[in-house]
There are 2 protein chains.
Amino acid sequence: MPRTGLSPEEARQRAVEIAVVRIRENGFVKLRLADVAREMGVSHAALYGHFRDKAALLDAVTGHWLREARARTAVICAGSAPAAERIEEWFVTRYRIKSARALSDPEIFYGFNDATESERPVIRVYMQQMRRDLSGLLSEAGLGGEAEATLLEEALASFLHPALIGAGPKPEREDALRRLLRVLLAGLAASREGGT
Amino acid sequence: MPRTGLSPEEARQRAVEIAVVRIRENGFVKLRLADVAREMGVSHAALYGHFRDKAALLDAVTGHWLREARARTAVICAGSAPAAERIEEWFVTRYRIKSARALSDPEIFYGFNDATESERPVIRVYMQQMRRDLSGLLSEAGLGGEAEATLLEEALASFLHPALIGAGPKPEREDALRRLLRVLLAGLAASREGGT
DNA sequence: CCGATTACAGAATCGCAAAAATGTAATCAA
DNA sequence: TTGATTACATTTTTGCGATTCTGTAATCGG
């Protein structure tokens with residue numbers, strides 16, 4: 001009966017906000033659409049006007065979280081330091097953000113991990129954006145493009161994949177990441193010289 | 001009353017054999033000590049004379065499986081081909097064995113994955129052995145030692161870690177592994193020249 | 001003494017009925 | 001027409017007693 005007074009876009013945002021709070025409180029797997037709907041002041045069926053199903057709302061939560069994370073790495077791409085330095089900074093920042101969040105926001109992180117395991121489109125899109133960002137840095141550094149970005153992404157999975165990254169940033173892990181990355185960049189540089 | 005007629009060592013082996021069959025049939029998580037004991041013709045309590053607890057039996061199963069896997073990579077270390085080739089062969093073989101087994105023996109593989117997640121000592125020991133084997137190959141190739149072996153192990157987690165490896169060997173994954181490994185070896189060689 | 005047994009306490013799992021949540025359809029109001 | 005509602009079918013979870021398993025202790029036999 002009484003209209004919500006929110007635009008579709010606002011309603012979506014509001015639902016995601018509420019879901020985030022509920023997930024932090026009760027856990028990712030225990031989120032109930034009924035709770036979100038009640039807190040919005042609508043019937044649970046109304047949510048289906050904004051999200052195809054529960055998975056879509058959960059994806060929206062994950063997507064929101066990933067966009068926040070990307071915002072913090074994207075500024076590095078636009079920096080003025082030498083490209084090689086920015087590449088290292090870019091990866092280290094990703095490591096720090098994810099490991100910190102695995103500790104401070106474990107339930108949302110669980111959702112991220114879950115979406116990754118089940119290869120949800122929201123993850124594919126995020127990975128594509130990250131690959132493009134990295135690809136840009138690599139070509140600035142004269143070290144390659146998309147293919148090399150994919151290669152680096154795979155090589156650093158130990159430090160970035162949600163299933164392998166530990167909870168809480170660890171200096172020794174960060175050092176190991178830097179060492180590995182330098183070997184990789186040296187290897188790409190060498191391949192480039194030899195293989196041209 | 002009636003003694004088993006098996007030496008302690010034989011009894012352990014027999015229990016592991018039976019457990020492997022039962023796990024393949026009923027699944028890793030559903031293994032019952034009672035079933036293993038019954039099939040051995042003893043009471044379930046007798047098993048506690050051979051294994052501290054159920055986890056120890058499960059570890060023995062995983063350890064057995066890992067020793068089999070290692071036997072197939074160890075021969076490569078002793079081969080006569082150039083060290084660089086043997087390194088590539090060594091990693092590719094590991095990838096093939098694991099991905100094949102994830103498909104053909106999923107329940108035992110599940111146990112391996114589980115033991116990895118919970119960082120059981122049996123996994124630590126296995127990793128140490130593999131690192132030592134690789135370390136030997138690397139020093140033969142003049143590319144480093146333990147530290148570099150650790151670095152390669154981390155860099156190739158995408159292709160070897162049970163949580164990330166897919167079920168069933170895929171040629172394109174094998175190619176990606178080879179490409180990444182070559183970049184890494186080139187990088188190690190370059191670091192070695194520059195950093196000596 | 002060694003290896004196995006029976007007996008038993010505590011923990012984990014099973015089965016199933018009741019309750020709740022998800023998703024769909026028909027409908028209603030601004 | 002759009003966005004929401006109520007009603008309802010279908011899954012999924014929950015609660016909980018009964019059962020089964022795990023692990024320990026005391027004991028037995030060769």
Side-chain angles (χ1 to χ4, degrees), chain A residues 1-23 25-62 107 110-111 114-115 117-118 120 122, chain B residues 1-23 25-62 107 110-111 114-115 117-118 120-121:
Chain A
M1 330 265 200
R3 292 304 172 90
T4 317
L6 294 172
S7 77
E9 192 44 46
E10 287 171 332
R12 276 183 65 89
Q13 271 183 257
R14 180 107 188 81
V16 169
E17 280 170 30
I18 292 169
V20 166
V21 173
R22 284 257 146 271
I23 288 171
E25 279 178 9
N26 294 13
F28 183 83
V29 299
K30 287 192 188 157
L31 180 75
R32 299 184 210 316
L33 292 190
D35 293 345
V36 177
R38 187 171 337 105
E39 204 158 337
M40 286 181 76
V42 298
S43 67
H44 84 274
L47 280 178
Y48 288 84
H50 299 294
F51 302 94
R52 189 183 332 288
D53 54 18
K54 186 178 176 178
L57 171 56
L58 259 12
D59 282 349
V61 169
T62 301
E107 287 299 334
Y110 175 95
D114 196 63
E117 267 183 38
S118 37
R120 310 276 312 165
V122 67
Chain B
M1 333 281 203
R3 292 303 171 89
T4 317
L6 294 172
S7 77
E9 193 43 47
E10 287 171 331
R12 275 183 67 90
Q13 271 183 258
R14 180 108 187 81
V16 169
E17 282 170 29
I18 292 168
V20 166
V21 173
R22 284 256 146 272
I23 289 170
E25 279 178 8
N26 293 17
F28 183 83
V29 300
K30 287 195 188 157
L31 179 75
R32 281 160 219 178
L33 292 191
D35 293 344
V36 176
R38 187 172 336 106
E39 205 158 338
M40 283 180 77
V42 298
S43 68
H44 85 275
L47 280 178
Y48 288 84
H50 300 294
F51 302 94
R52 191 184 336 288
D53 54 15
K54 185 177 174 178
L57 171 56
L58 260 11
D59 281 349
V61 169
T62 302
E107 288 298 334
Y110 175 95
D114 196 63
E117 266 183 38
S118 37
R120 310 275 313 165

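Worth knowing before you read on, the calculation uses all heavy atoms, side chains too, and leaves out hydrogens, waters and symmetry mates. Keep in mind it's a predicted model, so treat the numbers as computed, not measured. Below, chain A is the first sequence line, B the second, and so on; all start at residue 1.
Atom NE2 of A:H44 and atom NZ of A:K54 lie 12.0 Å apart (nearest 0.5 Å). Remark: A:S118 OG to A:D59 CG distance equals 8.0 Å, nearest 0.5 Å. Interatomic distance, B:N26 CG to B:E107 CD, rounded to the nearest 0.5 Å: 9.0 Å. Note that CD of B:Q13 is 12.0 Å distant from NE2 of B:H50, once rounded to the nearest 0.5 Å.
In this view, A:E25 and A:R22 satisfy the side-chain hydrogen bond (donor to acceptor under 3.5 Å, both in side chains) rule, not counting sequence neighbours. The side-chain hydrogen bond (donor to acceptor under 3.5 Å, both in side chains) search around B:R12 returns none, not counting sequence neighbours.
At whole-Å resolution of the value, CZ in B:F51 and C1' in D:dT24 are 18 Å apart. The CD atom of A:E10 sits 12 Å away from the P atom of D:dA4 (whole-angstrom rounding). As rounded to whole Å, 16 Å separates atom P of C:dT22 from atom NE2 of A:H50. Put simply, CG on A:N26 is 12 Å from P on C:dA21, counting in whole angstrom units.
When the local axes at the two ends of the helix from C:dC1-D:dG30 to C:dA30-D:dT1 are compared, using 5 base pairs at each end, they differ in direction by 30° after rounding to 10°.
In this structure the side chain of B:T62 never reaches within 4.5 angstrom of the side chain of B:R120, judged on heavy atoms.
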What N/O pairs connect the protein and nucleotides 10-12 of chain D at under 3.5 Å? Give each pair on its own line.
none

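The side chain to side chain contact (heavy atoms under 4.5 Å, CB included) test with B:V16 is passed by exactly one of B:L58, B:L57, B:V21: B:L57.
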B/S/- contact track for nucleotides 13-23 of chain D, protein heavy atom under 4.0 Å: --------SBB
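Considering all non-hydrogen atoms of both residues, B:G111 and B:F28 come closest at CA-CE1, 3.4 Å. The two residues B:V61 and B:A19 come nearest to each other via the heavy atoms CG2-CB, 3.8 Å.
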Determine all donor-acceptor pairs shorter than 3.5 Å in which one atom belongs to a side chain in residues 29-36 of chain A; sequence neighbours excluded.
unit_1: A:R32; atom_1: NH1; unit_2: A:K30; atom_2: O; d: 3.4
unit_1: A:D35; atom_1: OD1; unit_2: A:R38; atom_2: NH2; d: 3.2

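The side chain of A:S43 places an N or O atom within less than 4.0 Å of a non-bridging phosphate oxygen (OP1 or OP2) of D:dT5.
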